[in-house]
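Atoms within each ligand, like the ligands themselves, are counted from 1 in listed order.
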Amino acid sequence: MIQTDFLVIGSGIAGLTYALKMAERFPDKKITVVTKAAADETNTKYAQGGIAGVTDFENDSFEKHINDTLIAGDGLCNEKVVEIVVKEGVERIRELINWGANFDKDADGDYALGMEGGHSEYRILHHKDVTGKEMERALIEKVQQYPNIEFHKHWFVIELITQHHLGYLITKSTPDIQCYGVYALNTTNNRIEKILAGTTLLATGGNGQVYRSTTNPSIATGDGVGMVYRAKGRVENMEFIQFHPTALYEPGIGGQAFLITEAVRGDGGILRNKYGAAFMERYDERKDLAPRDIVARAIDSEMKITGTEHVFLDCRHFDKEKFIHHFPNIYEKCLSIGIDITQHQIPVAPAAHYSCGGIKTDEWGQTSIRNLYAAGECASTGLHGANRLASNSLLEAMVFGHRAFEASSRQPGSTIDPDRIPDWSTAGTTDPKEMILITQSLKELQLLMSDYVGIVRTNVRLERAMRRLDLLWEETEKLYVSTTLSPQLGELRNMITVAYLIVKGAQFRKESRGLHYNTDYPEKSPILQNITL
Ligand code: FAD
Ligand code: SIN
């Protein structure tokens, strides 16, 4: 058993921001960071385009950034939260720079600001096309300076510990559900440990792996959302899954798709269909730089009209040296598969990229469960509404990592007699005989979510998806109670829960808004509604 003051689940930008601040303010308190993979294996590490923030006050303003965020969010943003993130974000970016993150500068020594879809000004700070890698590097190096931060890598967190584990019946309407910590599987020795904590922060990231094609790495399985939902906490707006318009199309390659950052379109990249036609002007006057929901739907439509599995991103008109200077990683990747961007167009297709909904929090990152906070992509703070503005998520993760730190450092935290919390029981379970029972279910899940619950939805598709999910759930629960727990089984369970929440949210939403498009309800409802499950 481990006892700690502050438990952080996840080592991406949200979790590490929180951990660093706590360690700095309370040198005599213990901060425990748990992550299920290598320390830096996070969505954060793969961020390309950069972090949005108002730093050029001559041309840009808070009002413009707020307005762009609200337009992208299509009526469902919480305006107060948008203002908080945009205004406080500037200070958080400054801190990140002080912690050692480097952003590109121009010849005059000013930050070289990038442009992305939905932004009315150049405001994206970036480090080449590997911004996330640079941020994660700086954060991990900084964390190593604090002896009061204890890091557990390759520990898979399974469940939140609540009154349920003390033998009480907990339902969605139970008042004052409390979190006392978590059960976690240490995959280096296969033991399941109790970690008891005064305060727990979930910073478990996104859920792109629920879909067959995603820009997200394999860690993005929605574990935090799954755990909170099972613990009877509140989750909202899960139907708003953002598909990035331009993932590199590589036939026959499964798993994580390589991203071609939106900043390439910001610098002048043009989307073309298989006949060479620049089609975006037929869909939106902002053309290739319209918000992501519009561009992804336009590409989906062009692919269906022309019967192809991808469209093209044309960069042949770029100055080669400038392209290589800003996008060295993309240049190299394309070259490695025989695409010289000065001569060939890049085949691209939309891929699941970001979860706008998640664990419902207030404006301080507090969830519906006491002593449990959430920050980063796993949280639904109200910033993104029905569609996230490009490069706002790293900003949100830092602002809410900070806010959760401020709020939880003022709270007393839970105290529980450790002897009252039972050890994890493995009674009745045996080692799994066949991993195929897990891997095949995962494939089915990803396929049905991509085909039935993708960019365009219908009532019939959603009904079909739900029926198939019921079956997958039943079979997976049988496995869960009868076999020794593995991360793969735990993740499958969480992904089925997340898929269920996406479909349920989509079925409740009788309209098309932002990222949710249902051809049976093509219009927006006059009633603005967040769907909480
Ligand atoms: P993550 O960085 O994903 O970290 C999650 C952590 O939780 C990991 O350490 C993981 O191991 C851990 N974890 C999860 N489940 C468990 C468990 N059960 N037990 C233990 N540990 C667990 N956003 C922008 O603003 N700008 C961009 O340019 C940008 N580009 C992107 C490019 C790509 C390819 C991708 C995939 C995303 C991009 N995003 C971008 C989105 C952004 O990167 C993420 O939303 C953000 O990094 C999420 O940070 P996080 O701290 O919430 O989670
Ligand atoms: C990108 O670089 O296109 C991704 C930016 C984001 O997801 O915010």
key: side-chain contact (heavy atoms from CB on, under 4.5 Å) partner of Phe258, the single match among Val348, Thr215, Ile337, Asn329   = Asn329

inquiry  = Check the orientation of His310 and Phe312. Use parallel for under 30°, tilted for 30 to 60°, and perpendicular for over 60°.
reply    = perpendicular

inquiry  = I'd like to know if Lys45 contacts ligand 1, where contact means a heavy-atom distance under 4.0 Å to any ligand atom.
reply    = no

message = Regarding ligand 2, does Gly49 bring an N or O atom to under 3.5 Å of one of the ligand's N or O atoms?
response = yes

remark   = Within the 4.0 Å heavy-atom cut-off, what Val157 brings close to ligand 1 is both

query = Yes or no on salt bridge (Lys or Arg N to Asp or Glu O under 4.0 Å) for Lys133 and Glu136, after CA distance, side-chain angles and deciding distance?
reply = CA-CA 5 Å; Lys133 198 170 171 191; Glu136 190 67 20; over 6 Å; no

query = Is the shortest N/O to N/O distance between Arg388 and ligand 2 below 3.5 Å?
reply = yes

message = Between ligand 1 and Ala375, is the shortest N or O to N or O distance under 3.5 Å?
response = no

query = Considering distance alone, does some N or O of Ile13 sit under 3.5 Å from an N or O of ligand 1?
reply = yes

Atoms in ligand 1 flagged as close to Gln48, the criterion being non-hydrogen separation under 4.0 Å = 28 (O), 30 (N), 31 (C), 32 (C)

message = Under 4.0 Å, counting heavy atoms only: does Arg388 come that close to any atom of ligand 1?
response = yes

ask   = Does Gln48 reach the main-chain N or O of Leu259 with its side chain, forming a donor-acceptor pair under 3.5 Å?
value = yes

remark   = A student checking ligand 1 against Asn392 at a 4.0 Å heavy-atom cut-off should list atoms 25 (O)

query = Does the pair Arg265/Asp288 count as a salt bridge with the N-to-O cut at 4.0 Å?
reply = no

Ligand 1 versus Tyr354: contacting region, heavy-atom distance under 4.0 Å = side chain

ask   = What part of His244 sits under 4.0 Å from ligand 1 if we count only heavy atoms: the side chain, the backbone, both or neither?
value = neither

task = Name the option, out of Gly206, Ala390, Gly226, Ala203, that contains the heavy atom nearest to atom 5 (C) of ligand 1.
result = Ala203

message = Quick check against the 3.5 Å criterion: does Asp293 have a side-chain atom that pairs as donor or acceptor with the backbone of Asn387?
response = no

query = Is ligand 2 under 4.0 Å from a heavy atom in the side chain of Leu259, in the backbone, in both, or in neither?
reply = side chain

query = So which protein heavy atom does atom 1 (P) of ligand 1 come closest to, and at what separation?
reply = Asn43 N, 3.6 Å

query = Does any N or O atom in Gly50 lie less than 3.5 angstrom from one in ligand 1, N or O only?
reply = yes

request  = Ignoring hydrogens and angles, tell me if any N or O in the side chain of Ser368 forms a donor-acceptor pair with the backbone of Arg234 under 3.5 Å.
outcome  = yes

ask   = So Phe327 and Phe323, would you call those rings parallel, tilted or perpendicular, with 30° and 60° as cut-offs?
value = tilted

query = Which atoms of ligand 2 have any heavy atom of Glu262 under 4.0 Å away?
reply = 1 (C), 2 (O), 3 (O)

ask   = With a 4.0 Å cut-off on heavy atoms, is Gly132 touching ligand 1?
value = no

query = Relative to the heavy atoms of His353, which atoms of ligand 2 are at a distance of less than 4.0 Å?
reply = 4 (C), 6 (C), 7 (O)

note = A student checking ligand 2 against Ala390 at a 4.0 Å heavy-atom cut-off should list atoms 8 (O)

task = Consider every N or O of Glu377 and every N or O of ligand 1, then say whether any pair is closer than 3.5 Å.
result = yes

key: Proximity to ligand 2 by part of Arg292, non-hydrogen separation under 4.0 Å   = side chain

note = Under 4.0 Å from one or more heavy atoms of Leu259, ligand 1 contributes atoms 32 (C), 34 (C)

inquiry  = With the threshold set at under 4.0 angstrom, would you say Asn216 reaches ligand 1 through any of its heavy atoms?
reply    = yes

query = Tell me: protein heavy atom nearest atom 8 (O) of ligand 2, and distance?
reply = Ser391 N, 2.6 Å

ask   = What orientation do His326 and His126 show, parallel under 30°, tilted 30 to 60°, or perpendicular over 60°?
value = parallel

query = How are the rings of Tyr18 and Phe405 set relative to one another: parallel (under 30°), tilted (30 to 60°) or perpendicular (over 60°)?
reply = perpendicular

query = Looking only at N/O atoms, are Thr215 and ligand 1 under 3.5 Å apart anywhere?
reply = no

query = Which of the numbered atoms in ligand 1 are below 4.0 angstrom from a heavy atom of Gly376?
reply = 52 (O)

request  = Would you please test Glu24 and Lys142 for salt bridge (Lys or Arg N to Asp or Glu O under 4.0 Å) and show each step?
outcome  = CA-CA 11 Å; Glu24 168 89 26; Lys142 188 77 188 165; 5.6 Å; no

note = closest protein heavy atom to atom 49 (O) of ligand 1 is Thr44 OG1, 3.2 Å

query = Say you draw a straight line from CD of Glu88 to CD of Glu83; how long is it, rounded to the nearest 0.5 Å?
reply = 10.0 Å

ask   = Around Lys21, counting heavy atoms of other residues, nucleotides and ligands shown, do more than 12 lie under 6.0 Å from its NZ?
value = yes

message = Could you identify the single nearest non-hydrogen protein atom to atom 10 (C) of ligand 1 and state the distance to 0.1 Å?
response = Thr35 OG1, 3.8 Å

ask   = Between Glu396 and Arg388, is there a salt bridge with N-O shorter than 4.0 Å?
value = no

inquiry  = A quick test of your reading: do over 12 heavy atoms of other residues, nucleotides or ligands sit less than 6.0 Å from NE2 of His154?
reply    = yes

ask   = Quick one: which ligand 2 atoms are inside 4.0 Å of a heavy atom on Thr261?
value = 1 (C), 2 (O), 3 (O)

